[in-house]
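Only one structure is covered here, and it is reproduced in the block below.
What you are looking at is a predicted structure, and each value in this text was computed from that prediction instead of being measured. Just the heavy atoms: all of them, side chains too, but no hydrogens, waters or symmetry mates, feed the values below.
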Amino acid sequence: MGLSVAVLLTAAGVAFEYFRLNGNLRDMPLFGGIVGDAGHERPDAFGRTPVNVLVIGSDTRAGSADCRLGGDCGPGQNADVDMVLHLSADRSHATVLSIPRDTVTDLPACRRPKGGVAPAHRGPVNSTLQFGPGCTVAAVHTLTGIPIDHFVLADFAGVVRLSDAVGGVPVCVDRNVYDPYSHLKLARGDHSLKGEAALEFLRSRHSFGDGSDLGRTDAQHLFLASLARRLRGSGSLTDPSGMLDLADAATKALTVDPGLASVNRLAGLAQDVRKVPSARFGFTTMPSIPDPGDHNRLVPGPGADHVFSMLAADVPPHTAGPARADGKAGQGSARPSATVRPGPDEAFEAPAGIATPSAPGVRTAAGMACAKVATGRVVTVRGVAMTPSAAFAATPKIPVSAP
């Protein structure tokens, strides 16, 4: 998403490339539900409206490239990533809200891609992508109440293409890590991730934090912030040839709703994103608790409805004040409404008296913020449960993902 909205402004002015890039884009319906729609924005006093874009990362194995990158083949797809990018009506602030892929909720009835209807049921929100991105839009809107104006979908091959096009995304890990499930293997320190290494980092759910999907979400936020820094510092963005290479990769990587299915429309979204000061970009994750019926799943926790209502009302969660136990805004509570971390420049402004906690498992230093590697025995190597760092030491013949 960051790449697509940053690189298309210049490319849109070149007539031949404009038509070629338009041809790269694929589109699908915004809303796939049977009842209702994706919601409607409320204009402010000046007639301006917020914009909410659902960013979806697909784990499809349908194509040959995705099949190879995913490690197996077959039909169907789930959403490895669900993030709502919220741009305020006056474009003074933005928030990226992650919905953990393991979240279980009441899912709406959706149209099946090949005809028929998938009935409403209770299940993980990531499973809705098998009925198309419009069904995921319907599910996220039903869960959060946030109007969804657009979606952007990328698959395994798209992530690889994007990270290659930008020349690699810098990341940092605070200790050695090996996840035999995603195949991510990195030594402690800084790395530049391209291609499959970037995909391994984004998909690894055992490597970071507590070794769960929440740890993966923190790592994804770090990756996105680093990608934004990389884009702003890239010489390709001021070089016409480099700009077109990036735009070509971005448009080939994306499936969008009809409202974004042209370079002009993506360029308009790019202009809106660029109006937001980088210090006013925040990243947060839906408050959650373990699902009482399945400890491997999550359900919305105290404060989740409060975060949803703040974004739906165009109020950034980090200015809403701490949450009380009942999930409403209040003052003096020890529990924040949501964990909001700084945007791409590691800067974050907050009103006086409002706490802005650091992201769990992340240290901020000069340069980059490092992802904290899980310290529990969350991976298994040759039948032995161990920490990701111990797995790194136990597999000397397996090459690292990036130097």
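When side chains are defined from C-beta on, Leu143 counts as touching Ile99, because their heavy atoms get closer than 4.5 Å. Between Ser88 and Pro50 there is no side-chain heavy-atom pair separated by less than 4.5 Å. Two residues are said to be in side-chain contact when any heavy atoms from C-beta on lie closer than 4.5 Å; Phe151 and Leu260 fail this criterion. In this structure, Val140 and Ile148 have side chains that are in contact, with non-hydrogen atoms separated by less than 4.5 Å. Inter-residue side-chain proximity for Met28 and Thr255 is flagged as met; some heavy-atom pair is nearer than 4.5 Å. Under the 4.5 Å side-chain criterion, counting only non-hydrogen atoms from C-beta, Met83 is in contact with His221. Counting heavy atoms from C-beta outward, Leu54 and Asp149 have side chains that stay 4.5 Å or more apart. Between Thr217 and Phe283 there is no side-chain heavy-atom pair separated by less than 4.5 Å.
When each of Asn52, Thr284, Thr95 is checked for a side-chain hydrogen bond (donor to acceptor under 3.5 Å, both in side chains) with His86, only Asn52 meets the rule. Checked options Asp218, Asp179, Asp80, Asp102; the residue passing with Arg205 is Asp102 (criterion: salt bridge (Lys or Arg N to Asp or Glu O under 4.0 Å)). Exactly one of Glu200, Arg203, Glu196 qualifies for a side-chain contact (heavy atoms from CB on, under 4.5 Å) with His183. That residue is Glu200.
Under a 3.5 Å cut-off, the side chain of Thr395 and the backbone N or O of Ile398 do not form any donor-acceptor pair. With Thr142 contributing its side chain and Ala138 its backbone, the two residues share a donor-acceptor pair below 3.5 Å. Remark: side-chain polar atoms of His295 are not paired, donor with acceptor, to backbone N or O of Pro290 under 3.5 angstrom. Under a 3.5 Å cut-off, the side chain of His141 and the backbone N or O of Ile146 do form a donor-acceptor pair. Although no hydrogens or angles enter the test, the distance criterion places no donor-acceptor pair under 3.5 Å between the side chain of Ser192 and the main chain of Pro170.
Across all their heavy atoms, Ala89 and Asp44 have their closest contact at CB-OD2, 3.7 Å. Arg216 and Leu202 make their closest contact through CD-O, 3.3 Å (heavy atoms, listed as atom of the first residue, atom of the second, distance). Gly195 and Ser163 make their closest contact through N-OG, 2.9 Å (heavy atoms, listed as atom of the first residue, atom of the second, distance). Nearest heavy atoms, Pro124 versus Arg297: CB-NH1, 3.8 Å. Summarising the geometry of Pro100 relative to Leu214, their closest heavy-atom pair is CG-CD2, 3.7 Å, with the distance given to 0.1 Å. Scanning all heavy atoms of the two residues, the minimum distance from Ser182 to Ser204 falls at OG-CB, 3.3 Å.
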Are Asn264 and Asn22 close enough, and set up right, to give a side-chain contact (heavy atoms from CB on, under 4.5 Å), and what steps lead you there? CA-CA 9 Å; Asn264 273 346; Asn22 269 344; over 6 Å; no
Applying side-chain contact (heavy atoms from CB on, under 4.5 Å) to Val125 and Asp82, what does each step give before you reach the verdict? CA-CA 9 Å; Val125 68; Asp82 284 318; 4.1 Å; yes
Mind running side-chain contact (heavy atoms from CB on, under 4.5 Å) on Leu97 and Leu311 for me, showing each step along the way? CA-CA 9 Å; Leu97 168 67; Leu311 289 182; 3.8 Å; yes
Working for salt bridge (Lys or Arg N to Asp or Glu O under 4.0 Å), residues Asp213 and Arg101: CA-CA 7 Å; Asp213 192 51; Arg101 60 161 286 164; 5.1 Å; no
Could you go through Asp210 and Ser212, starting from their C-alpha distance and side-chain angles, then the distance that decides it, and tell me whether this counts as side-chain hydrogen bond (donor to acceptor under 3.5 Å, both in side chains)? CA-CA 6 Å; Asp210 61 358; Ser212 74; 2.5 Å; yes
Checking side-chain contact (heavy atoms from CB on, under 4.5 Å) for the pair Thr49/Asp314: CA distance, chi angles, key distance, verdict? CA-CA 9 Å; Thr49 56; Asp314 197 22; over 6 Å; no
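Residues Asp90 and His93 bring no donor and acceptor atom of their side chains to less than 3.5 Å of each other.
Taking the ring centre of Phe392 as origin, the terminal cationic atom of Lys185 falls inside the region bounded by 6.0 Å and 45° from the ring axis.
Between Leu107 atom CG and Cys135 atom SG the span is 7.0 Å, to the nearest 0.5 Å. With rounding to the nearest 0.5 Å, the separation of NE2 in His150 from CG in Leu30 is 8.0 Å. With values rounded to the nearest 0.5 angstrom, Arg175 atom CZ is found 12.5 Å from Ser207 atom OG. Note that OH of Tyr178 and CG of Leu184 are 10.0 Å apart. Values are rounded to the nearest 0.5 Å. Rounding to the nearest 0.5 angstrom, the gap separating the CG atom in Leu21 from the OG1 atom in Thr251 is 4.5 Å. Of the inter-residue distances, the one linking Leu186 atom CG with His191 atom NE2 reads 4.5 Å to the nearest 0.5 angstrom.
Remark: Arg26 CZ is packed, more than 12 non-hydrogen atoms of other residues, nucleotides or ligands lying under 6.0 Å away. In this structure, Arg48 places its CZ atom where more than 12 heavy-atom neighbours from other residues, nucleotides or ligands lie under 6.0 Å away.
Between Asp106 and Arg122, at least one side-chain N (NZ, or NE/NH1/NH2) sits under 4.0 Å from a carboxylate O, which counts as a salt bridge. Salt bridge Arg91/Asp272: present, at least one basic N to carboxylate O contact under 4.0 Å.
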